[in-house]
Amino acid sequence: MYSKDVMEHFMHPRNVGEMPDADGVGEVGNPVCGDIMWIYIKVKDDRIEDIKFKTLGCAAAIATSSKVTELAKGRTLDEALDLSNKEIVESLGGLPPVKIHCSLLAVDGLKEAIHDFLAKNKRPIPDKLEKEHQKIKAEKCETGSHDHNDQ
Amino acid sequence: MDNRRVYLDHAATTPVAKEVLEAMMPYFSEKYGNASSLHAFGREAKDALENSREKIAKKLNAAPEELLFTSGGTESNNLALKGIAQNKGKGHIITCKIEHSAILAPCRLLEKQGFTVTYLGVDKYGTVDPSDVEKAVRDDTILVSIGHANNEIGTVQDLEAIGKITKERGVLFHTDACQSFTKEGINVKKQNLDLVSINSHKIYGPKGVGALFIRDGVKISSQLQGGEHEKNLRAGTENVSGIAGFAKAAEIAGEKENARVLELRKRLIKEILFGVEEVKLNGHPEKRLCNNSNFSFNGIEGESILLRLDMLGVACSTASACSSHSLMPSHVLLATGMKPEECHGSLRMTLGRDNTKEDIDYAISAVKEEVANLRRISPFWRK
Ligand SMILES: Cc1ncc(COP(=O)(O)O)c(C=O)c1O
Ligand code: FES
(Lines give C-alpha, C1' and ligand atoms only; values in the text may rest on other atoms or scores of the structure.)
(Ligands and ions follow the chains in the order given, each with its own letter.)
Protein backbone atom coordinates (compact mmCIF):
# COMPACT_ATOMS: atom_id res chain seq x y z
CA MET A 1 0.00 0.00 0.00
CA TYR A 2 2.90 2.38 0.71
CA SER A 3 5.76 3.18 -1.66
CA LYS A 4 9.31 2.16 -0.87
CA ASP A 5 10.23 5.76 -0.07
CA VAL A 6 7.34 6.17 2.33
CA MET A 7 8.34 2.98 4.15
CA GLU A 8 11.95 4.08 4.22
CA HIS A 9 11.13 7.44 5.81
CA PHE A 10 8.64 5.76 8.14
CA MET A 11 11.18 3.23 9.34
CA HIS A 12 14.06 5.71 9.49
CA PRO A 13 12.61 9.18 9.98
CA ARG A 14 15.05 12.08 9.60
CA ASN A 15 15.30 15.03 11.98
CA VAL A 16 13.33 13.50 14.83
CA GLY A 17 13.43 15.36 18.10
CA GLU A 18 12.69 18.53 19.97
CA MET A 19 14.50 21.86 20.15
CA PRO A 20 14.38 23.70 23.47
CA ASP A 21 15.85 26.87 21.89
CA ALA A 22 13.77 26.84 18.71
CA ASP A 23 13.12 30.11 16.91
CA GLY A 24 9.72 28.94 15.75
CA VAL A 25 7.38 26.13 16.79
CA GLY A 26 4.42 24.73 14.90
CA GLU A 27 1.95 22.49 16.67
CA VAL A 28 -0.74 21.06 14.45
CA GLY A 29 -3.41 18.43 14.78
CA ASN A 30 -4.95 16.54 11.94
CA PRO A 31 -8.61 17.53 11.88
CA VAL A 32 -9.58 14.28 10.23
CA CYS A 33 -8.24 11.54 12.42
CA GLY A 34 -6.82 13.35 15.40
CA ASP A 35 -3.10 12.96 14.84
CA ILE A 36 -0.54 15.42 16.12
CA MET A 37 2.66 16.94 14.79
CA TRP A 38 5.13 19.33 16.40
CA ILE A 39 7.77 21.00 14.30
CA TYR A 40 10.67 23.19 15.48
CA ILE A 41 12.86 25.46 13.39
CA LYS A 42 16.09 27.29 13.96
CA VAL A 43 16.41 30.30 11.62
CA LYS A 44 19.56 32.11 10.58
CA ASP A 45 19.57 34.92 8.01
CA ASP A 46 16.05 33.94 7.00
CA ARG A 47 17.16 30.45 6.24
CA ILE A 48 16.05 27.27 8.03
CA GLU A 49 19.27 26.22 9.61
CA ASP A 50 17.93 23.34 11.62
CA ILE A 51 14.59 21.59 11.90
CA LYS A 52 13.15 18.87 14.13
CA PHE A 53 9.79 17.14 14.40
CA LYS A 54 7.72 14.78 16.48
CA THR A 55 4.61 13.11 15.11
CA LEU A 56 1.90 10.90 16.49
CA GLY A 57 0.20 9.39 13.50
CA CYS A 58 0.13 6.75 10.82
CA ALA A 59 3.05 5.72 8.64
CA ALA A 60 2.10 8.35 6.05
CA ALA A 61 2.05 11.09 8.67
CA ILE A 62 5.46 10.09 10.01
CA ALA A 63 6.99 9.70 6.54
CA THR A 64 5.66 13.03 5.28
CA SER A 65 6.83 14.79 8.45
CA SER A 66 10.28 13.39 7.90
CA LYS A 67 10.25 14.35 4.23
CA VAL A 68 9.10 17.89 4.94
CA THR A 69 11.94 18.46 7.38
CA GLU A 70 14.38 17.04 4.88
CA LEU A 71 13.13 19.29 2.08
CA ALA A 72 12.82 22.39 4.25
CA LYS A 73 16.25 22.25 5.81
CA GLY A 74 18.55 24.83 4.22
CA ARG A 75 15.75 26.62 2.40
CA THR A 76 14.96 30.28 2.88
CA LEU A 77 11.69 30.97 4.67
CA ASP A 78 10.07 32.01 1.39
CA GLU A 79 11.23 28.86 -0.32
CA ALA A 80 10.03 26.77 2.60
CA LEU A 81 6.60 28.40 2.40
CA ASP A 82 6.44 27.37 -1.23
CA LEU A 83 6.73 23.71 -0.31
CA SER A 84 3.48 22.14 -1.36
CA ASN A 85 1.65 19.10 -0.30
CA LYS A 86 1.90 17.87 -3.88
CA GLU A 87 5.67 18.20 -3.89
CA ILE A 88 5.99 16.18 -0.69
CA VAL A 89 3.70 13.44 -1.92
CA GLU A 90 5.46 13.23 -5.27
CA SER A 91 8.90 13.15 -3.74
CA LEU A 92 7.79 10.16 -1.66
CA GLY A 93 6.61 8.26 -4.72
CA GLY A 94 2.93 8.91 -4.02
CA LEU A 95 0.49 8.12 -1.23
CA PRO A 96 -2.76 6.13 -1.21
CA PRO A 97 -5.70 8.56 -1.73
CA VAL A 98 -7.02 8.06 1.81
CA LYS A 99 -3.64 9.12 3.14
CA ILE A 100 -3.23 12.40 1.27
CA HIS A 101 -4.66 14.35 4.21
CA CYS A 102 -1.78 13.12 6.39
CA SER A 103 0.68 14.99 4.21
CA LEU A 104 -1.22 18.23 4.85
CA LEU A 105 -0.36 17.85 8.51
CA ALA A 106 3.33 18.15 7.80
CA VAL A 107 2.98 21.08 5.42
CA ASP A 108 0.76 22.90 7.91
CA GLY A 109 3.22 22.21 10.70
CA LEU A 110 6.02 23.87 8.79
CA LYS A 111 3.85 26.90 7.95
CA GLU A 112 2.88 27.25 11.57
CA ALA A 113 6.49 27.15 12.69
CA ILE A 114 7.40 29.90 10.21
CA HIS A 115 4.36 31.93 11.27
CA ASP A 116 5.45 31.56 14.88
CA PHE A 117 8.95 32.71 14.04
CA LEU A 118 7.72 35.79 12.17
CA ALA A 119 5.20 36.67 14.86
CA LYS A 120 7.73 36.29 17.68
CA ASN A 121 10.14 38.58 15.89
CA LYS A 122 7.39 41.09 15.13
CA ARG A 123 8.00 40.72 11.45
CA PRO A 124 5.35 41.31 8.81
CA ILE A 125 3.37 38.18 8.04
CA PRO A 126 2.37 37.61 4.41
CA ASP A 127 -1.42 37.70 3.93
CA LYS A 128 -1.52 34.24 2.51
CA LEU A 129 0.34 32.78 5.49
CA GLU A 130 -1.87 34.63 7.97
CA LYS A 131 -4.99 33.30 6.25
CA GLU A 132 -3.64 29.78 6.36
CA HIS A 133 -2.71 30.23 10.00
CA GLN A 134 -6.29 31.27 10.81
CA LYS A 135 -7.68 28.34 8.88
CA ILE A 136 -5.43 25.81 10.63
CA LYS A 137 -6.43 27.19 14.02
CA ALA A 138 -10.11 27.06 13.17
CA GLU A 139 -10.22 23.53 11.90
CA LYS A 140 -12.02 21.18 14.16
CA CYS A 141 -12.42 17.43 14.18
CA GLU A 142 -14.84 16.28 11.57
CA THR A 143 -16.44 12.90 11.94
CA GLY A 144 -17.55 10.50 9.28
CA SER A 145 -19.27 7.15 9.36
CA HIS A 146 -17.58 4.03 10.48
CA ASP A 147 -16.36 1.58 7.88
CA HIS A 148 -13.73 -0.74 9.22
CA ASN A 149 -13.65 -4.09 7.52
CA ASP A 150 -14.51 -6.20 10.51
CA GLN A 151 -12.76 -9.49 10.86
CA MET B 1 16.29 -10.62 15.76
CA ASP B 2 15.90 -13.69 13.58
CA ASN B 3 13.84 -14.12 10.45
CA ARG B 4 10.86 -15.43 12.32
CA ARG B 5 7.37 -14.89 10.95
CA VAL B 6 4.70 -14.86 13.61
CA TYR B 7 1.06 -14.80 12.58
CA LEU B 8 -0.99 -13.21 15.36
CA ASP B 9 -4.14 -12.44 13.42
CA HIS B 10 -6.15 -15.62 13.89
CA ALA B 11 -9.31 -13.62 14.58
CA ALA B 12 -9.10 -12.41 10.97
CA THR B 13 -8.56 -15.85 9.54
CA THR B 14 -6.60 -19.03 10.14
CA PRO B 15 -4.51 -21.30 7.92
CA VAL B 16 -6.22 -24.45 6.67
CA ALA B 17 -5.00 -27.30 8.87
CA LYS B 18 -3.19 -30.20 7.19
CA GLU B 19 -5.85 -32.68 8.30
CA VAL B 20 -8.54 -30.38 6.93
CA LEU B 21 -6.89 -30.09 3.55
CA GLU B 22 -6.60 -33.87 3.40
CA ALA B 23 -10.27 -34.27 4.22
CA MET B 24 -11.17 -31.85 1.42
CA MET B 25 -8.97 -33.24 -1.34
CA PRO B 26 -11.14 -36.19 -2.46
CA TYR B 27 -14.06 -33.87 -3.18
CA PHE B 28 -12.42 -31.91 -5.95
CA SER B 29 -11.52 -34.34 -8.71
CA GLU B 30 -12.41 -37.74 -7.37
CA LYS B 31 -15.74 -37.51 -5.55
CA TYR B 32 -16.88 -34.47 -7.43
CA GLY B 33 -20.56 -35.35 -7.76
CA ASN B 34 -23.42 -32.96 -7.17
CA ALA B 35 -25.08 -33.86 -3.89
CA SER B 36 -28.49 -33.53 -5.55
CA SER B 37 -27.74 -36.16 -8.22
CA LEU B 38 -29.23 -39.60 -7.82
CA HIS B 39 -26.31 -41.61 -9.18
CA ALA B 40 -23.37 -43.01 -7.23
CA PHE B 41 -21.29 -39.84 -7.76
CA GLY B 42 -24.05 -37.77 -6.31
CA ARG B 43 -24.57 -40.15 -3.41
CA GLU B 44 -20.88 -39.91 -2.50
CA ALA B 45 -21.21 -36.18 -2.28
CA LYS B 46 -24.49 -36.41 -0.40
CA ASP B 47 -22.89 -38.77 2.15
CA ALA B 48 -20.04 -36.33 2.72
CA LEU B 49 -22.52 -33.51 3.12
CA GLU B 50 -24.67 -35.35 5.65
CA ASN B 51 -21.71 -36.72 7.60
CA SER B 52 -20.37 -33.22 7.87
CA ARG B 53 -23.71 -31.89 8.99
CA GLU B 54 -23.86 -34.49 11.72
CA LYS B 55 -20.36 -33.74 12.99
CA ILE B 56 -20.87 -30.01 13.16
CA ALA B 57 -24.38 -30.22 14.62
CA LYS B 58 -23.03 -32.41 17.39
CA LYS B 59 -20.62 -29.65 18.40
CA LEU B 60 -23.63 -27.42 19.03
CA ASN B 61 -25.71 -30.15 20.68
CA ALA B 62 -28.13 -29.74 17.78
CA ALA B 63 -29.82 -32.22 15.47
CA PRO B 64 -28.26 -32.51 12.00
CA GLU B 65 -31.55 -31.45 10.37
CA GLU B 66 -31.27 -28.15 12.21
CA LEU B 67 -28.05 -27.16 10.45
CA LEU B 68 -27.95 -25.38 7.10
CA PHE B 69 -24.75 -24.75 5.16
CA THR B 70 -23.93 -21.28 3.82
CA SER B 71 -21.04 -19.39 2.27
CA GLY B 72 -19.81 -18.11 5.64
CA GLY B 73 -20.50 -16.02 8.67
CA THR B 74 -21.74 -13.03 6.72
CA GLU B 75 -24.35 -15.04 4.86
CA SER B 76 -25.43 -16.89 8.01
CA ASN B 77 -25.98 -13.60 9.83
CA ASN B 78 -27.85 -12.08 6.90
CA LEU B 79 -30.03 -15.14 6.56
CA ALA B 80 -30.81 -15.23 10.26
CA LEU B 81 -31.72 -11.56 10.59
CA LYS B 82 -33.45 -10.95 7.29
CA GLY B 83 -34.93 -14.44 7.18
CA ILE B 84 -36.64 -14.01 10.55
CA ALA B 85 -37.63 -10.40 9.91
CA GLN B 86 -39.13 -11.17 6.52
CA ASN B 87 -40.99 -14.14 7.90
CA LYS B 88 -42.52 -12.07 10.71
CA GLY B 89 -43.21 -9.09 8.46
CA LYS B 90 -42.80 -6.44 11.14
CA GLY B 91 -41.49 -5.94 14.63
CA HIS B 92 -38.62 -5.04 16.89
CA ILE B 93 -35.11 -6.48 17.00
CA ILE B 94 -32.62 -6.24 19.87
CA THR B 95 -28.90 -6.37 19.21
CA CYS B 96 -25.89 -4.57 20.63
CA LYS B 97 -23.45 -1.86 19.67
CA ILE B 98 -20.35 -4.04 19.42
CA GLU B 99 -21.69 -6.54 16.90
CA HIS B 100 -19.74 -7.37 13.77
CA SER B 101 -20.69 -5.35 10.69
CA ALA B 102 -22.31 -8.51 9.28
CA ILE B 103 -24.95 -7.99 11.98
CA LEU B 104 -25.05 -4.20 12.13
CA ALA B 105 -25.36 -3.63 8.38
CA PRO B 106 -28.35 -5.98 7.90
CA CYS B 107 -29.95 -4.39 10.99
CA ARG B 108 -29.58 -0.95 9.48
CA LEU B 109 -31.16 -2.20 6.28
CA LEU B 110 -34.06 -3.71 8.23
CA GLU B 111 -34.57 -0.35 9.94
CA LYS B 112 -34.95 1.22 6.51
CA GLN B 113 -37.54 -1.44 5.71
CA GLY B 114 -39.67 -0.50 8.71
CA PHE B 115 -38.36 -2.71 11.49
CA THR B 116 -37.19 -1.09 14.70
CA VAL B 117 -33.84 -2.03 16.18
CA THR B 118 -32.49 -1.44 19.68
CA TYR B 119 -28.70 -1.36 19.90
CA LEU B 120 -27.83 -2.18 23.50
CA GLY B 121 -24.78 -0.61 25.06
CA VAL B 122 -22.00 -2.55 26.78
CA ASP B 123 -19.90 -1.92 29.88
CA LYS B 124 -16.23 -0.95 29.78
CA TYR B 125 -15.25 -4.57 29.18
CA GLY B 126 -17.66 -5.00 26.30
CA THR B 127 -20.16 -7.06 28.28
CA VAL B 128 -23.88 -6.93 27.58
CA ASP B 129 -25.91 -6.92 30.77
CA PRO B 130 -28.64 -9.58 30.38
CA SER B 131 -30.99 -7.40 32.41
CA ASP B 132 -30.66 -4.76 29.68
CA VAL B 133 -31.95 -7.34 27.24
CA GLU B 134 -34.87 -8.04 29.54
CA LYS B 135 -35.68 -4.34 29.82
CA ALA B 136 -35.51 -3.86 26.06
CA VAL B 137 -37.96 -6.64 25.19
CA ARG B 138 -41.30 -5.23 24.00
CA ASP B 139 -44.55 -6.81 22.95
CA ASP B 140 -43.53 -6.58 19.32
CA THR B 141 -39.96 -7.89 19.80
CA ILE B 142 -39.31 -10.69 17.34
CA LEU B 143 -35.61 -11.38 17.74
CA VAL B 144 -32.65 -10.87 20.03
CA SER B 145 -29.25 -11.12 18.32
CA ILE B 146 -26.22 -10.90 20.60
CA GLY B 147 -22.82 -12.12 19.42
CA HIS B 148 -21.20 -14.81 21.56
CA ALA B 149 -17.66 -13.41 21.49
CA ASN B 150 -16.48 -10.13 20.06
CA ASN B 151 -14.01 -10.26 17.17
CA GLU B 152 -11.96 -7.26 18.33
CA ILE B 153 -11.75 -7.48 22.09
CA GLY B 154 -12.75 -11.12 22.57
CA THR B 155 -15.29 -10.47 25.31
CA VAL B 156 -17.58 -13.45 25.80
CA GLN B 157 -21.27 -12.89 26.59
CA ASP B 158 -23.43 -14.88 28.97
CA LEU B 159 -25.64 -16.62 26.42
CA GLU B 160 -27.32 -18.79 29.00
CA ALA B 161 -28.60 -15.81 30.98
CA ILE B 162 -29.86 -14.09 27.82
CA GLY B 163 -31.41 -17.34 26.58
CA LYS B 164 -33.40 -17.67 29.79
CA ILE B 165 -34.91 -14.25 29.19
CA THR B 166 -35.75 -14.79 25.54
CA LYS B 167 -37.36 -18.12 26.33
CA GLU B 168 -39.49 -16.60 29.10
CA ARG B 169 -40.54 -13.73 26.89
CA GLY B 170 -41.16 -15.88 23.86
CA VAL B 171 -38.75 -14.13 21.48
CA LEU B 172 -36.24 -15.79 19.20
CA PHE B 173 -32.58 -15.75 20.15
CA HIS B 174 -29.76 -15.61 17.60
CA THR B 175 -26.04 -15.49 18.24
CA ASP B 176 -23.14 -14.81 15.92
CA ALA B 177 -20.69 -17.42 17.15
CA CYS B 178 -18.11 -17.09 14.38
CA GLN B 179 -15.36 -16.18 16.83
CA SER B 180 -16.34 -18.53 19.64
CA PHE B 181 -17.20 -21.75 17.81
CA THR B 182 -14.97 -24.55 19.19
CA LYS B 183 -13.37 -22.10 21.63
CA GLU B 184 -16.29 -21.48 23.97
CA GLY B 185 -19.06 -23.91 24.83
CA ILE B 186 -22.10 -23.58 22.59
CA ASN B 187 -25.03 -25.71 23.56
CA VAL B 188 -28.21 -24.69 21.79
CA LYS B 189 -30.39 -26.49 24.33
CA LYS B 190 -28.75 -25.23 27.49
CA GLN B 191 -28.44 -21.72 26.12
CA ASN B 192 -31.92 -21.71 24.56
CA LEU B 193 -30.57 -20.67 21.19
CA ASP B 194 -32.88 -20.55 18.20
CA LEU B 195 -30.30 -19.53 15.61
CA VAL B 196 -26.51 -19.71 15.58
CA SER B 197 -24.09 -18.44 12.91
CA ILE B 198 -20.74 -20.17 12.57
CA ASN B 199 -18.03 -20.26 9.93
CA SER B 200 -15.09 -22.36 8.94
CA HIS B 201 -12.16 -20.05 8.24
CA LYS B 202 -11.76 -19.01 11.86
CA ILE B 203 -11.21 -22.62 12.93
CA TYR B 204 -8.56 -23.82 10.43
CA GLY B 205 -11.10 -24.66 7.77
CA PRO B 206 -11.44 -23.13 4.29
CA LYS B 207 -12.84 -19.66 3.64
CA GLY B 208 -16.28 -19.20 2.14
CA VAL B 209 -18.02 -21.90 4.18
CA GLY B 210 -20.35 -21.46 7.11
CA ALA B 211 -23.51 -22.74 8.69
CA LEU B 212 -26.63 -21.52 10.37
CA PHE B 213 -28.32 -23.53 13.08
CA ILE B 214 -32.08 -23.03 12.94
CA ARG B 215 -34.01 -24.69 15.74
CA ASP B 216 -36.57 -27.18 14.56
CA GLY B 217 -39.87 -25.33 14.14
CA VAL B 218 -38.40 -21.87 13.69
CA LYS B 219 -39.61 -20.40 10.41
CA ILE B 220 -37.37 -18.26 8.26
CA SER B 221 -37.65 -16.89 4.75
CA SER B 222 -35.00 -17.93 2.27
CA GLN B 223 -32.76 -15.16 0.99
CA LEU B 224 -31.45 -16.97 -2.09
CA GLN B 225 -33.97 -18.26 -4.55
CA GLY B 226 -33.14 -21.11 -6.89
CA GLY B 227 -32.98 -24.86 -6.44
CA GLU B 228 -34.33 -26.87 -3.55
CA HIS B 229 -31.06 -27.27 -1.71
CA GLU B 230 -30.86 -27.17 2.07
CA LYS B 231 -34.55 -27.77 2.60
CA ASN B 232 -35.44 -25.00 0.20
CA LEU B 233 -33.82 -22.44 2.46
CA ARG B 234 -30.53 -21.90 0.70
CA ALA B 235 -30.42 -22.50 -3.01
CA GLY B 236 -27.14 -23.38 -4.70
CA THR B 237 -25.07 -26.51 -5.25
CA GLU B 238 -23.44 -27.33 -1.95
CA ASN B 239 -19.72 -26.64 -1.55
CA VAL B 240 -18.99 -30.24 -0.66
CA SER B 241 -15.20 -30.01 -0.39
CA GLY B 242 -15.46 -26.89 1.73
CA ILE B 243 -18.11 -28.39 3.94
CA ALA B 244 -16.07 -31.58 4.41
CA GLY B 245 -13.16 -29.36 5.43
CA PHE B 246 -15.35 -27.38 7.81
CA ALA B 247 -16.49 -30.60 9.50
CA LYS B 248 -12.94 -31.84 9.83
CA ALA B 249 -11.88 -28.52 11.31
CA ALA B 250 -14.70 -28.70 13.86
CA GLU B 251 -13.78 -32.28 14.67
CA ILE B 252 -10.09 -31.65 15.36
CA ALA B 253 -10.64 -28.51 17.42
CA GLY B 254 -10.39 -29.25 21.08
CA GLU B 255 -9.92 -28.30 24.67
CA LYS B 256 -6.30 -29.28 24.76
CA GLU B 257 -5.31 -26.82 22.06
CA ASN B 258 -7.51 -24.12 23.57
CA ALA B 259 -5.75 -24.58 26.90
CA ARG B 260 -2.34 -24.39 25.26
CA VAL B 261 -3.23 -21.19 23.43
CA LEU B 262 -4.70 -19.74 26.61
CA GLU B 263 -1.39 -20.22 28.45
CA LEU B 264 0.52 -18.45 25.66
CA ARG B 265 -2.04 -15.67 25.56
CA LYS B 266 -1.77 -15.18 29.33
CA ARG B 267 1.97 -14.93 28.99
CA LEU B 268 1.65 -12.36 26.22
CA ILE B 269 -0.76 -10.18 28.20
CA LYS B 270 1.28 -10.42 31.38
CA GLU B 271 4.56 -9.55 29.71
CA ILE B 272 3.14 -6.62 27.80
CA LEU B 273 1.22 -5.15 30.72
CA PHE B 274 4.28 -5.42 32.97
CA GLY B 275 6.94 -4.73 30.39
CA VAL B 276 5.52 -1.67 28.65
CA GLU B 277 4.60 1.65 30.24
CA GLU B 278 1.18 3.21 29.77
CA VAL B 279 -0.58 0.35 28.14
CA LYS B 280 -4.09 -0.87 28.79
CA LEU B 281 -5.76 -4.18 28.07
CA ASN B 282 -8.99 -3.75 26.11
CA GLY B 283 -11.81 -6.20 26.70
CA HIS B 284 -12.57 -8.33 29.72
CA PRO B 285 -9.71 -9.52 31.93
CA GLU B 286 -11.14 -13.04 32.21
CA LYS B 287 -14.29 -13.53 30.17
CA ARG B 288 -12.48 -13.37 26.88
CA LEU B 289 -11.65 -15.77 24.07
CA CYS B 290 -8.65 -17.96 24.83
CA ASN B 291 -6.72 -16.59 21.85
CA ASN B 292 -7.55 -12.87 22.03
CA SER B 293 -5.48 -10.00 23.32
CA ASN B 294 -6.11 -6.33 22.57
CA PHE B 295 -4.04 -3.45 23.89
CA SER B 296 -4.02 0.33 23.73
CA PHE B 297 -0.61 1.97 23.85
CA ASN B 298 -0.58 5.59 24.88
CA GLY B 299 1.08 8.16 22.65
CA ILE B 300 1.31 6.13 19.45
CA GLU B 301 -0.94 5.19 16.56
CA GLY B 302 -2.06 1.66 15.65
CA GLU B 303 -1.25 1.55 11.95
CA SER B 304 2.31 2.63 12.68
CA ILE B 305 2.85 -0.07 15.25
CA LEU B 306 1.21 -2.67 13.01
CA LEU B 307 3.47 -1.81 10.06
CA ARG B 308 6.59 -1.73 12.22
CA LEU B 309 5.75 -5.15 13.64
CA ASP B 310 5.03 -6.40 10.15
CA MET B 311 8.57 -5.42 9.16
CA LEU B 312 9.75 -7.68 11.96
CA GLY B 313 7.55 -10.51 10.71
CA VAL B 314 4.82 -10.15 13.33
CA ALA B 315 1.30 -9.90 11.88
CA CYS B 316 -1.39 -8.21 14.00
CA SER B 317 -4.39 -5.97 13.53
CA THR B 318 -5.49 -2.53 14.72
CA ALA B 319 -8.76 -0.65 15.05
CA SER B 320 -7.24 2.83 14.96
CA ALA B 321 -8.93 5.61 13.00
CA CYS B 322 -5.99 5.92 10.62
CA SER B 323 -6.39 2.31 9.54
CA SER B 324 -9.98 2.71 8.38
CA HIS B 325 -11.26 4.36 5.24
CA SER B 326 -13.65 6.56 7.17
CA LEU B 327 -10.88 7.62 9.58
CA MET B 328 -13.17 6.73 12.46
CA PRO B 329 -11.97 4.57 15.32
CA SER B 330 -13.56 1.20 15.94
CA HIS B 331 -17.22 1.19 16.96
CA VAL B 332 -16.40 -1.59 19.41
CA LEU B 333 -13.76 0.34 21.34
CA LEU B 334 -15.91 3.49 21.31
CA ALA B 335 -18.86 1.49 22.69
CA THR B 336 -16.73 0.42 25.67
CA GLY B 337 -16.42 4.10 26.54
CA MET B 338 -12.94 4.70 25.18
CA LYS B 339 -12.15 8.15 23.82
CA PRO B 340 -11.08 8.35 20.16
CA GLU B 341 -7.50 9.13 21.18
CA GLU B 342 -7.42 5.99 23.35
CA CYS B 343 -8.55 3.90 20.39
CA HIS B 344 -5.68 5.38 18.42
CA GLY B 345 -2.98 3.11 19.75
CA SER B 346 -4.95 -0.12 19.70
CA LEU B 347 -3.35 -3.38 18.72
CA ARG B 348 -5.05 -6.77 18.49
CA MET B 349 -2.99 -9.94 18.70
CA THR B 350 -4.91 -13.18 18.28
CA LEU B 351 -3.07 -16.45 18.73
CA GLY B 352 -3.42 -19.84 17.12
CA ARG B 353 -2.32 -23.39 16.54
CA ASP B 354 1.05 -22.72 14.99
CA ASN B 355 2.25 -20.22 17.58
CA THR B 356 4.97 -21.49 19.88
CA LYS B 357 6.28 -20.05 23.12
CA GLU B 358 9.30 -18.79 21.17
CA ASP B 359 6.99 -17.02 18.73
CA ILE B 360 5.22 -15.28 21.57
CA ASP B 361 8.46 -14.25 23.22
CA TYR B 362 9.67 -12.88 19.91
CA ALA B 363 6.43 -10.94 19.47
CA ILE B 364 6.67 -9.55 23.00
CA SER B 365 10.16 -8.20 22.42
CA ALA B 366 9.16 -6.85 18.99
CA VAL B 367 6.25 -4.99 20.56
CA LYS B 368 8.43 -3.57 23.32
CA GLU B 369 11.03 -2.43 20.84
CA GLU B 370 8.66 -0.83 18.34
CA VAL B 371 6.47 0.84 20.95
CA ALA B 372 9.63 2.45 22.31
CA ASN B 373 10.78 3.46 18.82
CA LEU B 374 7.48 5.09 17.96
CA ARG B 375 7.26 6.84 21.29
CA ARG B 376 10.61 8.38 20.57
CA ILE B 377 8.99 10.04 17.54
CA SER B 378 5.82 10.95 19.42
CA PRO B 379 5.11 14.45 20.76
CA PHE B 380 3.29 12.83 23.67
CA TRP B 381 6.28 11.08 25.04
CA ARG B 382 9.00 12.92 26.84
CA LYS B 383 11.27 10.43 28.53
C1 LIG C 1 -17.97 -12.22 14.67
C2 LIG C 1 -17.91 -12.40 13.19
N3 LIG C 1 -19.04 -12.51 12.48
C4 LIG C 1 -19.02 -12.67 11.14
C5 LIG C 1 -17.85 -12.75 10.43
C6 LIG C 1 -17.90 -12.89 8.94
O7 LIG C 1 -17.67 -14.18 8.55
P8 LIG C 1 -17.23 -14.54 7.04
O9 LIG C 1 -15.91 -13.93 6.84
O10 LIG C 1 -17.19 -16.04 7.03
O11 LIG C 1 -18.28 -14.02 6.15
C12 LIG C 1 -16.64 -12.66 11.14
C13 LIG C 1 -15.32 -12.72 10.47
O14 LIG C 1 -14.94 -12.00 9.60
C15 LIG C 1 -16.67 -12.47 12.54
O16 LIG C 1 -15.55 -12.33 13.24
S1 FES D 1 -2.29 10.41 10.44
FE2 FES D 1 -4.24 9.43 10.66
S3 FES D 1 -4.48 8.55 8.73
FE4 FES D 1 -2.52 9.40 8.59
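These numbers come from a predicted model, not from an experiment. Letters A, B, ... mirror the listed sequences (proteins, then strands); counts begin at 1.
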Would you say that more than 12 heavy atoms from the other residues, nucleotides or ligands in this model lie under 6.0 Å from the [atom1] of [X], or not?
| X | atom1 | result |
| --- | --- | --- |
| Lys86(A) | NZ | no |
| Lys131(A) | NZ | no |
| Lys339(B) | NZ | no |
| Lys97(B) | NZ | no |
| Asp21(A) | CG | yes |

Item checked: Flag, side chain of Arg308(B) to backbone of Ala59(A), donor-acceptor distance under 3.5 Å -> no
Item checked: Interface moiety of Ile62(A) toward chain B, non-hydrogen atoms closer than 4.5 Å ->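 Just the side chain, heavy atoms under 4.5 Å.
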For residues [X] and [Y], report the shortest heavy-atom separation together with the two atoms involved.
| X | Y | result |
| --- | --- | --- |
| Phe10(A) | Ser304(B) | CZ-O, 3.3 Å |
| Val98(A) | His325(B) | CG1-ND1, 3.4 Å |
| Asp35(A) | Glu301(B) | OD1-CG, 4.0 Å |

How many angstroms lie between [atom1] in [X] and [atom2] in [Y], if you round to the nearest 0.5 Å?
| X | Y | atom1 | atom2 | result |
| --- | --- | --- | --- | --- |
| Cys102(A) | Glu303(B) | SG | CD | 7.5 Å |
| His344(B) | Ile36(A) | NE2 | CD1 | 8.0 Å |
| Arg375(B) | Lys54(A) | CZ | NZ | 12.0 Å |
| Lys99(A) | Leu327(B) | NZ | CG | 7.0 Å |
| Met37(A) | Ser378(B) | CE | OG | 12.5 Å |

Next item on the list: Name the option with the most non-hydrogen atom pairs under 4.5 Å to chain A; the candidates are Pro340(B), Gly73(B), Cys178(B), Gly299(B).
Entry: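 Top count of heavy-atom pairs under 4.5 Å with chain A: Gly299(B).
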Notebook entry, point to check: Relative to chain A, which segment of Ile377(B) carries a heavy atom at a distance below 4.5 Å: side chain, backbone, both, or neither?
Noted result: both
